[in-house]
Amino acid sequence: MTLTKINSAKHTIIDLYECDFDLINSKSFVEDSLSKAVKIADCKILKKYFHKFSPCGVTGFICVSESHFSIHTWPENNYAAIDVFCCKENVEKSIGYLAKVFKSKSKKIKTLNRKRKE
């Protein structure tokens, strides 16, 4: 068996503001959109879990071989919080895609470089 050591990964925290209420309140749309973002980042999905809250809101988690993608939405505030922890380089395209499909009018992004101890 060959082991591949990963030297670092990026943990990106995304706040999407002024999103479309109906889109971020739809469990199926949120799940489909986050799943497509995972594919854009060229990650392999291991397991997914999504939950629809009453009266509104969706939370979801996708475990990928390369780590995880998660989302929590507050449609009443037109806000979505997304976490992407991944060692792939295509994450920026995924983030742009999510901002576009949720019709976010503004976003805030913070990226942490996670690194193993040398």
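Looking only at side-chain heavy atoms (C-beta outward), K108 and I14 stay at 4.5 Å or farther from each other. Side-chain contact between S94 and V84 is absent, with no heavy-atom pair separated by less than 4.5 Å. When side chains are defined from C-beta on, V64 does not count as touching L46, because their heavy atoms never get closer than 4.5 Å. Side-chain contact between C43 and S65: absent, with no pair of heavy atoms (C-beta onward) separated by less than 4.5 Å.
Residues passing the side chain to side chain contact (heavy atoms under 4.5 Å, CB included) test with L112, sequence neighbours excluded: H11, I13, K110, R114. Listed by chain and number, the residues in a salt bridge (Lys or Arg N to Asp or Glu O under 4.0 Å) with K107 amount to none (sequence neighbours excluded). For S54, the side chain to side chain contact (heavy atoms under 4.5 Å, CB included) test picks out no residue, with sequence neighbours left out. Judged as a side chain to side chain contact (heavy atoms under 4.5 Å, CB included), and not counting sequence neighbours, K39 has no contacts. For the salt bridge (Lys or Arg N to Asp or Glu O under 4.0 Å) test, residues two or more places apart in sequence or in another chain that qualify with K48 are E31. Every side chain to side chain contact (heavy atoms under 4.5 Å, CB included) that F61 has, sequence neighbours left out, goes to C63, H68, S70.
Note that the NZ atom of K103 and the CG atom of L16 stand 14.5 Å from one another [nearest 0.5 Å]. Rounded to the nearest 0.5 angstrom, F53 CZ and H72 NE2 are separated by 8.5 Å. Taking CD1 of I62 as the start and OG of S67 as the end, the distance is 12.5 Å to the nearest 0.5 Å. To the nearest 0.5 Å, the span separating CD1 on I24 from OG on S33 amounts to 11.0 Å.
Cluster annotation: V38 is connected to I40 through the hydrophobic network of ILVMFWY side chains, with a link wherever side-chain heavy atoms come within less than 4.5 Å. Linking ILVMFWY side-chain heavy atoms closer than 4.5 Å, directly or via other members, places I45 and F29 in a single hydrophobic cluster. A continuous path of Ile, Leu, Val, Met, Phe, Trp and Tyr side chains, each step under 4.5 Å between heavy atoms, connects I109 with V101, placing both in one hydrophobic cluster. In terms of hydrophobic clustering, with Ile, Leu, Val, Met, Phe, Trp and Tyr side chains grouped at heavy-atom distances under 4.5 Å, F50 and L98 are assigned to a common cluster. By the criterion of side-chain heavy atoms lying less than 4.5 angstrom apart, applied directly or through intervening Ile, Leu, Val, Met, Phe, Trp or Tyr residues, W74 is not grouped with I71; the two fall into different hydrophobic clusters.
S104 places a side-chain N or O within donor-acceptor distance of the main-chain N or O of Y17, the cut-off being under 3.5 Å. Not a single donor-acceptor pair under 3.5 Å links the side chain of E18 to the backbone N or O of N78.
Side-chain contact of Y79 with D15: a donor-acceptor pair under 3.5 Å is present, judged by distance alone. Remark: the K52 side chain and the N25 side chain contain an N/O donor-acceptor pair separated by less than 3.5 Å. No side-chain donor from either of H51 and T59 sits under 3.5 Å from a side-chain acceptor of the other.
Counting all heavy atoms, side chain and backbone alike, T73 lies closest to A80 at CG2-CB, 4.1 Å. Nearest heavy-atom pair across P75 and G57 is CD-CA, 3.5 Å. When all heavy atoms are compared, the tightest approach of D42 to E66 is O-OE2, 4.1 Å. Annotation for F21 and C56: closest pair CZ-CB, 4.4 Å, computed over non-hydrogen atoms. Counting all heavy atoms, side chain and backbone alike, F102 lies closest to I82 at CE1-CD1, 4.4 Å.
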